[in-house]
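To start, the structure under review is shown below, and the notes come after it.
Numbering of ligands and ligand atoms starts at 1, following listing order. Everything numeric in this text was worked out from a predicted model, so none of it was measured. Index from 1, following the sequence.
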Amino acid sequence: MENKRINVTRSSMPSYEEYCEEIKELWESRWLSNAGAKHKEFEKQLQDYLDVPYLTLFANGHVGLEVAIDAFDLKGEVITTPYTHCSTTHSIVRNGLTPVFCDVNDRDFTIDADQIEKYITDKTCAIVATHVYGYICDVEKIEKIANKYNLKVIYDAAHAFGVTVNGKGIANYGDAAMFSCHATKVFHTIEGGITAFKDKEILDKTNTLINFGFVSHEEVDYVSTNARMNEFEAAMGICNLRHIDNEIAKRQKAAERFVERLSGVEGIRLIASQEGVRQNYSYFPVFFDGYKLNRDEVQARLAEENIFARKYFYPLTSELACYKEAYGASVKNTPVAKKASDCVLTLPMYADLTVEEVDKICDIILK
Ligand SMILES: *Cc1c(COP(=O)(O)O)cnc(C)c1O
């Protein structure tokens, strides 16, 4: 058998016919962006699916986070972690705020809620935390801390579309939560993002911030950007939303096979599922710590067989060239994040990944 290329991810797609049917009206209406019919319909469906009262659609996940932070008009320091996409850190820094890097916990690599308080000063204004690989942060403890010190809580939920806690949509936690709808994510709109908000006031402000700060045709109240989602993206979202539960179920099958094959192997660590949480199986991270091969060797072996796993998240954002000088020293405060980034490999994970392909990947790792 020829070695078919297996990438770390592969976009879910509706059928060609389904998408064409969905965009047909656009040739009639010629309304292609700026809150058109598809945009409005998609927003309604998402409020229902994500189980949240207020949300805004964006051109991509990053601007969904950056603009949401802007809407809160914050100043000072933001407690966050370096074990995330650079987007999280960029969205803080591009808002003129200072990231303060807290370590992650050793169970699921989300922010270590027990360490947050030691970083709080009179300059602290918010906590910006990531639901890593769709595993959720300790949302209850974070909420308690935020209430005690009057801080905003903004979640980078880019990985967490469709995740629920005790039946409640994950975006009900925090003052805002951003989902990325990039082509590589569990749920996508080609490019796109969704941010859910707790308060209507912040929602209304955000809806002006995504459109240059226009509050009416002739009035611009804020210095802002263009972060709008267009109708073709919304139409892709409407199609993909019809299939999301089925796509997640297919991912679950692949994930369960990985767990079956890799759990209990000495030197290989997986993240345990969280109680009461409906997972979305967005990634399949494996930590090679004391295994006969190190992470880089496993990655190279897989690549020889045309299988492409990724070191995600590596490096830590505090170690990136753009942040190293200012924040590199903070790495000593985040040993758990540092170690995770040195041993992690995310294996291929997507809805169409077959059990045979999972077996092939595991055979190579275990050989
Ligand atoms: C993908 C991702 C983003 C950025 O989302 P885009 O839609 O690509 O802009 C931000 N944070 C995390 C954790 C991500 O994985």
Side-chain angles (χ1 to χ4, degrees), residues 7-12 42 46 50 55-70 78 80-95 99 101-102 104 108-111 127-137 153-163 170-171 174 176-196 206 210 225-230 232-234 236-237 240 251 271 279-285 309-318 320 322-323 337 340-341 344-346 349-350:
N7 284 324
V8 70
T9 181
R10 186 167 185 268
S11 299
S12 291
F42 185 39
L46 284 169
L50 296 172
L55 57 83
T56 302
L57 305 181
F58 289 89
N60 58 65
H62 175 76
V63 290
L65 193 56
E66 190 173 308
V67 171
I69 293 174
D70 187 13
V78 173
T80 187
T81 79
Y83 193 68
T84 185
H85 192 297
C86 60
S87 167
T88 323
T89 309
H90 287 346
S91 67
I92 296 167
V93 175
R94 286 171 59 84
N95 271 296
F101 292 105
C102 176
V104 297
D108 48 44
F109 308 100
T110 61
I111 194 165
I127 299 166
V128 174
T130 303
H131 297 308
V132 179
Y133 312 124
Y135 292 93
I136 65 163
C137 298
V153 178
I154 298 155
Y155 285 111
D156 179 334
H159 295 178
F161 189 91
V163 171
I170 188 61
M178 175 281 284
F179 300 99
S180 163
C181 303
H182 182 247
T184 56
K185 308 283 159 116
V186 169
F187 172 79
H188 78 87
T189 59
I190 311 170
E191 290 272 3
I194 305 159
T195 303
T206 302
I210 60 169
T225 186
N226 168 6
R228 301 182 303 249
M229 178 182 282
N230 69 51
F232 287 79
E233 291 167 332
M236 180 59 88
N240 281 335
R251 284 172 175 268
I271 302 179
Q279 276 178 260
N280 66 0
Y281 309 95
S282 51
Y283 296 85
F284 198 86
R310 278 192 54 198
K311 302 180 208 175
Y312 192 61
F313 300 107
Y314 172 86
L316 297 180
T317 67
S318 48
L320 296 170
C322 56
Y323 294 123
S341 80
V344 72
L345 195 61
T346 53
M349 172 50 73
Y350 45 86

[Y] and [X], any side-chain heavy atoms less than 4.5 Å apart:
X      : Y      : answer
Ser341 : Tyr83  : yes
Phe101 : Thr80  : yes
Ile136 : Tyr155 : no
His62  : Ser91  : yes
Thr89  : Pro82  : no

May I ask you to check if ligand 1 and [X] share an N or O to N or O distance below 3.5 Å?
X      : result
Ser180 : yes
His85  : no
Asp156 : yes
Thr84  : no

Near [X], which atoms of ligand 1 are under 4.0 Å from a heavy atom of that residue?
X      : value
Gly61  : 5 (O), 6 (P), 7 (O), 9 (O)
Tyr312 : 14 (C), 15 (O)
Gly192 : 7 (O)

Would you say Gly64 touches ligand 1, if touching means a heavy atom closer than 4.0 Å?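 False for this residue.
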
Tell me if the aromatic rings of Phe179 and Phe187 count as close, with their centers under 6.0 Å from one another.
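Centroid distance Phe179-Phe187: not below 6.0 Å, so no.
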
Would Phe109 and His159 count as a close aromatic pair, with their ring centres under 6.0 Å?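 Not under 6.0 Å, so no.
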
>> Among Lys185, His131, His182, which one puts a heavy atom closest to atom 3 (C) of ligand 1?
In response: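 Selected option, by shortest heavy-atom distance: Lys185.
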
List the closest protein heavy-atom neighbour of atom 9 (O) of ligand 1: residue, atom name, distance to the nearest 0.1 Å.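 Ranked first by proximity to atom 9 (O) of ligand 1 is His62 N, 2.8 Å.
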
Hey, can you tell me if His90 and Tyr323 have their rings parallel, tilted or perpendicular (30° and 60° cut-offs)?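 Tilted, since the angle between the ring planes falls between 30° and 60°.
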
### Query
Of the backbone atoms (N, CA, C, O) and the side-chain heavy atoms from C-beta on, which set of Tyr83 has a member under 4.0 Å from an atom of ligand 1: side chain, backbone, both, or neither?
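Within the 4.0 Å criterion, Tyr83 makes no contact with ligand 1.
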
